[in-house]
**Student:** 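Here's a structure for you.
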Amino acid sequence: MNEIIPPLVNPEQSASAADSATWASLVERIRTDDPSGMEELYRVFSQGIRFYLCRQLGTQDLDDRVHDIFLIVTQSIRRGDLREPDRLMGYVRTVLRRQVASHIEQIVHSRNNHADLEMGLRLSDRHPDPERSAIQNENQTLAMRVLHSLKSRDREVLVRFYLKEQAPEDICRELDLSATQFRLIKSRAKTRFIELAKRRFSLRNLVPQP
Amino acid sequence: MDVEGHLVEEEIERYSLAASAEPELSQVEEHLLLCASCRKKVETSDVYVNSMRRAAAQIRAEEKRAPRWAGMAFLLAAAVLLAGVILIRSNATAPFAVSLAVTRGVGINAQAPAGVPLALQLDVTGLPAAASYRVEMVDRAGKQVWTGTFPGRPAKPLPAGIYFVRLYSPAGDLLREYGLEIGPLLK
(Lines give C-alpha, C1' and ligand atoms only; values in the text may rest on other atoms or scores of the structure.)
Protein backbone atom coordinates (compact mmCIF):
# COMPACT_ATOMS: atom_id res chain seq x y z
CA MET A 1 0.00 0.00 0.00
CA ASN A 2 1.45 3.37 -0.94
CA GLU A 3 2.07 5.77 1.87
CA ILE A 4 -0.01 8.92 1.58
CA ILE A 5 2.30 11.85 1.96
CA PRO A 6 0.64 15.11 2.98
CA PRO A 7 1.48 18.20 0.91
CA LEU A 8 4.58 19.99 2.12
CA VAL A 9 3.28 23.51 1.84
CA ASN A 10 -0.03 25.02 0.90
CA PRO A 11 1.07 27.44 -1.83
CA GLU A 12 -1.28 30.07 -0.45
CA GLN A 13 0.17 29.79 3.04
CA SER A 14 3.02 31.86 4.30
CA ALA A 15 6.43 30.26 3.73
CA SER A 16 7.12 30.65 7.43
CA ALA A 17 4.54 27.92 8.08
CA ALA A 18 6.79 25.32 6.47
CA ASP A 19 8.08 22.85 8.98
CA SER A 20 11.86 22.46 8.84
CA ALA A 21 11.44 18.76 9.69
CA THR A 22 9.24 18.43 6.61
CA TRP A 23 11.95 20.04 4.47
CA ALA A 24 14.35 17.46 5.87
CA SER A 25 11.90 14.70 4.96
CA LEU A 26 11.58 16.02 1.42
CA VAL A 27 15.33 16.28 0.98
CA GLU A 28 15.73 12.71 2.29
CA ARG A 29 13.15 11.39 -0.16
CA ILE A 30 14.93 13.08 -3.04
CA ARG A 31 18.27 11.82 -1.85
CA THR A 32 16.96 8.24 -1.79
CA ASP A 33 15.41 8.58 -5.26
CA ASP A 34 11.86 8.42 -3.99
CA PRO A 35 9.63 9.56 -6.92
CA SER A 36 7.24 11.25 -4.49
CA GLY A 37 10.09 13.51 -3.45
CA MET A 38 10.65 14.74 -7.00
CA GLU A 39 6.94 15.27 -7.48
CA GLU A 40 6.70 17.23 -4.24
CA LEU A 41 9.73 19.34 -5.12
CA TYR A 42 8.23 20.20 -8.47
CA ARG A 43 4.82 20.97 -7.04
CA VAL A 44 6.20 23.25 -4.37
CA PHE A 45 8.80 25.16 -6.36
CA SER A 46 7.92 25.07 -10.07
CA GLN A 47 5.76 28.20 -10.16
CA GLY A 48 8.20 30.18 -8.05
CA ILE A 49 11.14 29.14 -10.22
CA ARG A 50 9.24 29.99 -13.39
CA PHE A 51 8.37 33.39 -11.92
CA TYR A 52 12.00 34.18 -11.08
CA LEU A 53 13.42 33.01 -14.40
CA CYS A 54 10.74 34.77 -16.42
CA ARG A 55 11.36 37.99 -14.53
CA GLN A 56 15.12 37.80 -15.04
CA LEU A 57 15.50 36.27 -18.49
CA GLY A 58 12.15 36.49 -20.22
CA THR A 59 9.98 33.71 -21.56
CA GLN A 60 12.35 32.21 -24.11
CA ASP A 61 13.24 28.58 -23.36
CA LEU A 62 11.53 28.94 -19.99
CA ASP A 63 10.44 25.31 -19.70
CA ASP A 64 13.95 24.07 -20.47
CA ARG A 65 15.46 26.42 -17.91
CA VAL A 66 13.01 25.33 -15.22
CA HIS A 67 13.84 21.71 -16.00
CA ASP A 68 17.57 22.50 -15.74
CA ILE A 69 17.08 24.03 -12.31
CA PHE A 70 15.29 20.96 -11.01
CA LEU A 71 17.99 18.76 -12.45
CA ILE A 72 20.72 20.74 -10.74
CA VAL A 73 18.91 20.83 -7.39
CA THR A 74 18.09 17.13 -7.32
CA GLN A 75 21.59 16.10 -8.45
CA SER A 76 23.07 18.33 -5.76
CA ILE A 77 20.85 16.82 -3.10
CA ARG A 78 21.76 13.29 -4.17
CA ARG A 79 25.45 14.19 -4.03
CA GLY A 80 24.97 15.45 -0.48
CA ASP A 81 25.78 19.07 -1.34
CA LEU A 82 22.83 20.37 0.68
CA ARG A 83 24.17 20.19 4.21
CA GLU A 84 21.23 21.84 5.93
CA PRO A 85 17.95 20.45 4.55
CA ASP A 86 15.86 23.16 6.19
CA ARG A 87 17.75 25.67 4.02
CA LEU A 88 16.31 24.09 0.87
CA MET A 89 14.58 27.36 -0.14
CA GLY A 90 17.81 29.30 0.16
CA TYR A 91 19.64 26.64 -1.82
CA VAL A 92 17.11 26.73 -4.65
CA ARG A 93 17.42 30.51 -4.73
CA THR A 94 21.21 30.30 -4.89
CA VAL A 95 21.02 27.84 -7.79
CA LEU A 96 18.61 30.16 -9.60
CA ARG A 97 20.85 33.20 -9.23
CA ARG A 98 23.91 31.30 -10.40
CA GLN A 99 22.08 29.96 -13.45
CA VAL A 100 20.88 33.42 -14.43
CA ALA A 101 24.38 34.85 -14.08
CA SER A 102 25.85 31.92 -16.02
CA HIS A 103 23.34 32.32 -18.83
CA ILE A 104 24.14 35.99 -19.28
CA GLU A 105 27.88 35.32 -19.19
CA GLN A 106 27.47 32.65 -21.88
CA ILE A 107 25.67 35.01 -24.18
CA VAL A 108 28.22 37.77 -23.72
CA HIS A 109 31.05 35.30 -24.35
CA SER A 110 29.35 34.03 -27.50
CA ARG A 111 28.75 37.57 -28.65
CA ASN A 112 32.41 38.51 -28.19
CA ASN A 113 33.64 35.43 -30.04
CA HIS A 114 31.27 35.64 -32.95
CA ALA A 115 31.83 38.89 -34.78
CA ASP A 116 30.13 37.40 -37.83
CA LEU A 117 26.59 38.70 -37.75
CA GLU A 118 25.18 35.60 -39.34
CA MET A 119 26.24 33.54 -36.36
CA GLY A 120 25.69 36.13 -33.65
CA LEU A 121 23.51 35.29 -30.69
CA ARG A 122 21.12 37.63 -28.98
CA LEU A 123 21.00 37.97 -25.24
CA SER A 124 17.26 37.61 -25.29
CA ASP A 125 16.19 36.18 -28.59
CA ARG A 126 12.50 36.94 -28.33
CA HIS A 127 10.25 37.87 -31.14
CA PRO A 128 8.54 41.17 -30.30
CA ASP A 129 5.08 40.47 -28.90
CA PRO A 130 2.62 43.01 -30.31
CA GLU A 131 0.11 42.29 -27.59
CA ARG A 132 2.66 42.82 -24.83
CA SER A 133 3.84 46.04 -26.44
CA ALA A 134 0.27 47.28 -26.78
CA ILE A 135 -0.49 46.52 -23.12
CA GLN A 136 2.74 48.18 -22.04
CA ASN A 137 1.89 51.29 -24.04
CA GLU A 138 -1.61 51.34 -22.56
CA ASN A 139 -0.17 51.13 -19.06
CA GLN A 140 2.24 53.95 -19.80
CA THR A 141 -0.64 56.07 -21.05
CA LEU A 142 -2.54 55.39 -17.83
CA ALA A 143 0.50 56.37 -15.79
CA MET A 144 0.77 59.59 -17.80
CA ARG A 145 -2.87 60.35 -17.02
CA VAL A 146 -2.21 59.80 -13.33
CA LEU A 147 0.83 62.07 -13.37
CA HIS A 148 -0.90 64.81 -15.34
CA SER A 149 -3.84 64.74 -12.94
CA LEU A 150 -1.61 65.62 -9.98
CA LYS A 151 -0.48 68.92 -8.60
CA SER A 152 2.98 69.81 -9.83
CA ARG A 153 4.56 69.13 -6.42
CA ASP A 154 3.01 65.66 -6.16
CA ARG A 155 4.05 64.92 -9.72
CA GLU A 156 7.60 66.03 -8.92
CA VAL A 157 7.63 63.64 -5.94
CA LEU A 158 6.77 60.67 -8.12
CA VAL A 159 9.16 61.63 -10.93
CA ARG A 160 12.01 61.93 -8.45
CA PHE A 161 11.14 58.63 -6.77
CA TYR A 162 10.45 56.42 -9.79
CA LEU A 163 12.68 57.95 -12.45
CA LYS A 164 15.55 59.53 -10.51
CA GLU A 165 15.46 56.93 -7.72
CA GLN A 166 15.94 59.65 -5.17
CA ALA A 167 15.71 58.46 -1.57
CA PRO A 168 12.39 59.19 0.17
CA GLU A 169 14.06 61.12 2.97
CA ASP A 170 15.84 63.37 0.45
CA ILE A 171 12.61 64.00 -1.45
CA CYS A 172 10.80 64.88 1.77
CA ARG A 173 13.53 67.25 2.87
CA GLU A 174 13.87 69.02 -0.48
CA LEU A 175 10.14 69.32 -1.10
CA ASP A 176 9.20 69.96 2.52
CA LEU A 177 7.06 66.88 2.98
CA SER A 178 6.43 64.63 5.93
CA ALA A 179 6.96 60.91 5.57
CA THR A 180 3.20 60.43 5.82
CA GLN A 181 2.52 62.92 3.04
CA PHE A 182 5.09 61.17 0.88
CA ARG A 183 3.50 57.77 1.43
CA LEU A 184 0.04 59.20 0.74
CA ILE A 185 1.13 60.70 -2.57
CA LYS A 186 2.55 57.37 -3.69
CA SER A 187 -0.40 55.39 -2.43
CA ARG A 188 -3.00 57.62 -4.08
CA ALA A 189 -1.18 57.55 -7.39
CA LYS A 190 -1.00 53.78 -7.35
CA THR A 191 -4.66 53.45 -6.38
CA ARG A 192 -5.63 55.82 -9.17
CA PHE A 193 -3.54 53.86 -11.67
CA ILE A 194 -5.19 50.59 -10.72
CA GLU A 195 -8.64 52.17 -10.90
CA LEU A 196 -7.95 53.45 -14.39
CA ALA A 197 -6.55 50.08 -15.43
CA LYS A 198 -9.63 48.27 -14.16
CA ARG A 199 -11.84 50.63 -16.08
CA ARG A 200 -9.81 50.40 -19.25
CA PHE A 201 -9.44 46.64 -19.36
CA SER A 202 -9.89 43.65 -17.07
CA LEU A 203 -7.31 43.45 -14.32
CA ARG A 204 -5.86 40.13 -15.54
CA ASN A 205 -4.67 41.95 -18.66
CA LEU A 206 -2.80 44.50 -16.57
CA VAL A 207 0.02 42.02 -16.43
CA PRO A 208 1.15 40.69 -19.82
CA GLN A 209 1.08 36.91 -19.65
CA PRO A 210 4.10 34.92 -20.83
CA MET B 1 6.93 40.95 6.43
CA ASP B 2 3.51 41.03 8.04
CA VAL B 3 2.37 38.92 10.99
CA GLU B 4 1.41 36.09 8.66
CA GLY B 5 4.83 36.10 7.04
CA HIS B 6 3.74 37.67 3.74
CA LEU B 7 5.46 40.58 2.01
CA VAL B 8 4.33 44.07 2.92
CA GLU B 9 3.74 46.84 0.37
CA GLU B 10 7.08 48.56 0.95
CA GLU B 11 9.05 45.33 0.50
CA ILE B 12 7.21 44.60 -2.74
CA GLU B 13 7.85 48.11 -4.03
CA ARG B 14 11.55 47.95 -3.16
CA TYR B 15 11.83 44.61 -4.95
CA SER B 16 10.15 46.04 -8.05
CA LEU B 17 12.52 49.00 -7.92
CA ALA B 18 15.51 46.61 -7.61
CA ALA B 19 16.24 48.43 -4.38
CA SER B 20 16.08 45.52 -1.95
CA ALA B 21 19.29 45.04 0.00
CA GLU B 22 20.43 41.97 1.89
CA PRO B 23 19.18 40.35 4.00
CA GLU B 24 15.76 41.58 2.81
CA LEU B 25 16.47 40.48 -0.78
CA SER B 26 17.09 36.87 0.28
CA GLN B 27 13.96 36.82 2.43
CA VAL B 28 11.82 38.29 -0.35
CA GLU B 29 13.09 35.98 -3.09
CA GLU B 30 12.84 32.88 -0.93
CA HIS B 31 9.29 33.80 0.03
CA LEU B 32 8.35 34.38 -3.61
CA LEU B 33 9.53 30.86 -4.44
CA LEU B 34 6.60 29.54 -2.44
CA CYS B 35 3.92 32.21 -2.21
CA ALA B 36 1.63 32.65 -5.23
CA SER B 37 -0.32 35.58 -3.77
CA CYS B 38 2.83 37.61 -3.15
CA ARG B 39 4.10 36.76 -6.64
CA LYS B 40 0.90 38.22 -8.03
CA LYS B 41 1.42 41.39 -6.01
CA VAL B 42 4.98 41.68 -7.30
CA GLU B 43 3.78 41.24 -10.89
CA THR B 44 1.30 44.08 -10.45
CA SER B 45 3.92 46.21 -8.74
CA ASP B 46 6.40 45.57 -11.57
CA VAL B 47 3.85 46.75 -14.11
CA TYR B 48 3.05 49.84 -12.09
CA VAL B 49 6.68 50.79 -11.42
CA ASN B 50 7.69 50.24 -15.04
CA SER B 51 4.74 52.27 -16.28
CA MET B 52 5.46 55.12 -13.87
CA ARG B 53 9.11 55.19 -14.87
CA ARG B 54 8.28 55.39 -18.54
CA ALA B 55 5.66 58.04 -17.92
CA ALA B 56 7.99 60.00 -15.63
CA ALA B 57 10.69 59.94 -18.33
CA GLN B 58 8.15 61.24 -20.81
CA ILE B 59 7.07 63.97 -18.39
CA ARG B 60 10.69 65.07 -17.93
CA ALA B 61 11.23 65.14 -21.68
CA GLU B 62 8.08 67.26 -22.09
CA GLU B 63 9.21 69.63 -19.35
CA LYS B 64 12.56 70.14 -21.01
CA ARG B 65 10.91 70.94 -24.31
CA ALA B 66 8.33 73.28 -22.79
CA PRO B 67 9.86 76.08 -20.74
CA ARG B 68 7.81 77.26 -17.76
CA TRP B 69 6.01 80.44 -18.67
CA ALA B 70 5.06 81.46 -15.15
CA GLY B 71 7.57 84.01 -13.86
CA MET B 72 9.57 83.91 -17.09
CA ALA B 73 7.66 86.43 -19.21
CA PHE B 74 10.80 88.57 -19.51
CA LEU B 75 12.55 85.67 -21.23
CA LEU B 76 9.75 85.10 -23.72
CA ALA B 77 10.75 87.99 -25.96
CA ALA B 78 14.36 86.82 -26.05
CA ALA B 79 13.24 83.28 -26.74
CA VAL B 80 11.14 84.43 -29.71
CA LEU B 81 14.02 86.53 -30.98
CA LEU B 82 16.41 83.63 -30.81
CA ALA B 83 13.90 81.04 -31.96
CA GLY B 84 14.69 81.49 -35.60
CA VAL B 85 18.40 80.98 -35.06
CA ILE B 86 17.89 78.07 -32.67
CA LEU B 87 15.46 76.37 -35.03
CA ILE B 88 17.86 76.55 -37.91
CA ARG B 89 20.81 75.33 -35.83
CA SER B 90 18.88 72.60 -34.00
CA ASN B 91 17.74 71.02 -37.25
CA ALA B 92 21.34 70.26 -38.10
CA THR B 93 22.14 68.60 -34.75
CA ALA B 94 18.78 67.32 -33.46
CA PRO B 95 19.15 63.78 -32.11
CA PHE B 96 17.89 61.01 -34.37
CA ALA B 97 15.45 58.78 -32.51
CA VAL B 98 16.13 55.10 -33.14
CA SER B 99 14.07 52.27 -31.65
CA LEU B 100 15.97 49.17 -30.66
CA ALA B 101 14.27 45.87 -29.96
CA VAL B 102 15.47 42.32 -29.86
CA THR B 103 14.54 40.27 -32.88
CA ARG B 104 14.51 36.58 -33.63
CA GLY B 105 17.01 35.31 -36.16
CA VAL B 106 19.84 37.00 -38.00
CA GLY B 107 20.14 40.49 -39.36
CA ILE B 108 19.84 43.95 -37.88
CA ASN B 109 16.66 45.91 -38.37
CA ALA B 110 17.55 49.15 -36.59
CA GLN B 111 19.20 51.81 -38.72
CA ALA B 112 20.37 55.33 -38.07
CA PRO B 113 22.29 57.95 -40.03
CA ALA B 114 25.95 58.59 -39.42
CA GLY B 115 27.19 61.84 -37.94
CA VAL B 116 24.14 62.75 -35.79
CA PRO B 117 23.45 62.22 -32.09
CA LEU B 118 21.26 59.19 -31.44
CA ALA B 119 18.29 59.22 -29.07
CA LEU B 120 18.16 55.53 -28.18
CA GLN B 121 14.70 54.12 -27.48
CA LEU B 122 15.35 50.69 -26.01
CA ASP B 123 12.83 47.92 -25.55
CA VAL B 124 13.16 46.90 -21.92
CA THR B 125 10.12 44.63 -21.92
CA GLY B 126 10.52 41.84 -19.46
CA LEU B 127 13.64 43.19 -17.84
CA PRO B 128 13.98 43.78 -14.12
CA ALA B 129 12.66 47.27 -13.38
CA ALA B 130 15.30 49.89 -12.74
CA ALA B 131 15.35 53.64 -12.51
CA SER B 132 18.01 53.71 -15.17
CA TYR B 133 20.22 51.28 -16.94
CA ARG B 134 23.84 51.65 -18.02
CA VAL B 135 24.29 51.56 -21.76
CA GLU B 136 27.40 50.72 -23.71
CA MET B 137 27.88 50.87 -27.46
CA VAL B 138 30.56 48.74 -29.05
CA ASP B 139 31.65 48.43 -32.63
CA ARG B 140 31.73 45.22 -34.60
CA ALA B 141 35.07 44.30 -33.09
CA GLY B 142 33.74 44.74 -29.57
CA LYS B 143 35.55 48.01 -28.92
CA GLN B 144 33.63 50.44 -26.77
CA VAL B 145 32.67 53.64 -28.58
CA TRP B 146 30.23 55.27 -26.18
CA THR B 147 28.71 54.83 -22.71
CA GLY B 148 25.70 56.45 -21.14
CA THR B 149 22.45 55.66 -19.38
CA PHE B 150 18.91 54.85 -20.41
CA PRO B 151 16.87 56.95 -20.08
CA GLY B 152 19.55 59.55 -20.64
CA ARG B 153 21.33 61.88 -23.00
CA PRO B 154 21.63 60.99 -26.67
CA ALA B 155 24.57 58.92 -27.85
CA LYS B 156 27.32 60.78 -29.65
CA PRO B 157 27.42 60.81 -33.46
CA LEU B 158 29.19 57.79 -34.89
CA PRO B 159 30.64 56.90 -38.28
CA ALA B 160 28.98 54.32 -40.50
CA GLY B 161 29.22 50.72 -39.42
CA ILE B 162 27.66 47.92 -37.39
CA TYR B 163 27.30 48.53 -33.67
CA PHE B 164 25.88 46.73 -30.69
CA VAL B 165 24.10 48.45 -27.85
CA ARG B 166 24.45 46.66 -24.51
CA LEU B 167 22.11 47.29 -21.62
CA TYR B 168 23.31 46.69 -18.07
CA SER B 169 21.48 46.62 -14.74
CA PRO B 170 22.49 49.09 -12.02
CA ALA B 171 24.48 46.23 -10.51
CA GLY B 172 26.46 45.83 -13.72
CA ASP B 173 24.80 42.68 -15.03
CA LEU B 174 24.45 42.54 -18.79
CA LEU B 175 20.73 42.30 -19.52
CA ARG B 176 20.28 42.68 -23.23
CA GLU B 177 22.07 43.50 -26.49
CA TYR B 178 20.67 45.20 -29.59
CA GLY B 179 22.10 45.48 -33.08
CA LEU B 180 22.33 48.83 -34.88
CA GLU B 181 23.48 49.70 -38.38
CA ILE B 182 24.71 53.27 -38.85
CA GLY B 183 25.04 54.67 -42.28
CA PRO B 184 22.92 56.18 -45.01
CA LEU B 185 19.29 55.28 -44.43
CA LEU B 186 18.42 52.41 -46.75
CA LYS B 187 14.65 52.71 -46.51
Side-chain angles (χ1 to χ4, degrees), chain A residues 9 11-18 44-45 47-49 51-52 54-56 58-59 89-90 92-93 96 101 104 107-108 111-112 115 117-118 120 122-129 132-133 136 139-140 142-144 146-148 155 158-159 162-165 186 189-190 193-194 206-208, chain B residues 1 4-6 9 13 17 19 26 29-37 39-40 42-44 46-60 101-108 123 125-128 130-132 140-142 151 162 164 166-167 170 173-179:
Chain A
V9 172
E12 293 304 319
Q13 272 184 330
S14 156
S16 63
V44 169
F45 284 108
Q47 291 304 311
I49 289 173
F51 174 80
Y52 185 90
C54 185
R55 201 167 178 271
Q56 297 291 331
T59 56
M89 268 195 302
V92 171
R93 176 188 176 247
L96 272 170
I104 293 176
I107 294 295
V108 172
R111 172 67 264 156
N112 289 339
L117 290 175
E118 297 300 309
R122 297 288 180 263
L123 184 63
S124 179
D125 190 14
R126 291 181 290 156
H127 191 72
D129 184 335
R132 269 181 93 92
S133 295
Q136 194 171 60
N139 290 334
Q140 182 178 341
L142 296 181
M144 284 292 294
V146 170
L147 288 174
H148 278 305
R155 185 163 55 243
L158 297 178
V159 169
Y162 289 109
L163 180 62
K164 299 299 181 187
E165 259 192 350
K186 278 199 308 160
K190 187 171 184 180
F193 176 84
I194 293 176
L206 182 68
V207 178
Chain B
M1 296 200 171
E4 293 178 351
H6 290 287
E9 189 70 25
E13 184 175 67
L17 290 166
S26 299
E29 291 189 334
E30 287 177 25
H31 180 80
L32 290 174
L33 280 174
L34 299 181
C35 184
S37 65
R39 287 198 293 268
K40 195 71 186 163
V42 167
E43 280 182 342
T44 302
D46 285 349
V47 169
Y48 174 68
V49 167
N50 194 40
S51 302
M52 287 300 281
R53 280 190 170 139
R54 287 168 169 260
Q58 193 175 338
I59 292 271
R60 271 291 190 256
V102 290
T103 56
R104 193 193 302 277
V106 301
I108 292 176
D123 173 20
T125 307
L127 293 181
S132 68
R140 190 168 176 161
I162 300 295
F164 299 96
R166 292 174 178 164
L167 194 70
D173 302 317
L174 177 60
L175 300 174
R176 192 166 284 175
E177 186 178 77
Y178 315 83

**Student:** Relative to chain B, which segment of Ala101(A) carries a heavy atom at a distance below 4.5 Å: side chain, backbone, both, or neither?
**Tutor:** neither
**Student:** Minimum heavy-atom separation for Val44(A) and Leu34(B), please, with both atom names.
**Tutor:** CG1-CD2, 3.2 Å
**Student:** Is the shortest heavy-atom distance from the side chain of Val42(B) to the side chain of Arg55(A) under 4.5 Å?
**Tutor:** yes
**Student:** For the CD atom of Gln136(A) and the OG1 atom of Thr125(B), what is their distance to the nearest 0.5 Å?
**Tutor:** 4.0 Å
**Student:** Is there side-chain contact between Arg54(B) and Asn139(A), with heavy atoms separated by less than 4.5 Å?
**Tutor:** no
**Student:** Do Lys186(A) and Glu13(B) sit within salt-bridge range, that is, some charged N less than 4.0 Å from a carboxylate O?
**Tutor:** yes
**Student:** Give, for atom CE of Met144(A) and atom OG of Ser51(B), the distance between the pair rounded to the nearest 0.5 Å.
**Tutor:** 12.0 Å
**Student:** Between Lys190(A), Glu165(A), Gln56(A), His148(A), which residue shows the highest count of heavy-atom pairs closer than 4.5 Å to chain B?
**Tutor:** Lys190(A)
**Student:** Please determine, among Ser26(B), Ala57(B), Ala130(B), Pro128(B), the option with the most heavy-atom pairs under 4.5 Å with chain A.
**Tutor:** Ser26(B)
**Student:** Closest heavy-atom contact between Gln58(B) and Gln140(A)?
**Tutor:** OE1-NE2, 2.8 Å
**Student:** How far does CE of Met89(A) sit from CG of Leu32(B), to the nearest 0.5 angstrom?
**Tutor:** 11.0 Å
**Student:** Only pairs of heavy atoms separated by less than 4.5 Å count here; which of Val92(A), Leu147(A), Val146(A) has the most with chain B?
**Tutor:** Leu147(A)
**Student:** Minimum heavy-atom separation for Leu163(A) and Arg53(B), please, with both atom names.
**Tutor:** CD1-O, 4.0 Å
**Student:** In terms of heavy-atom pairs under 4.5 Å with chain A, which of Asp46(B), Leu33(B), Asn50(B) leads?
**Tutor:** Leu33(B)
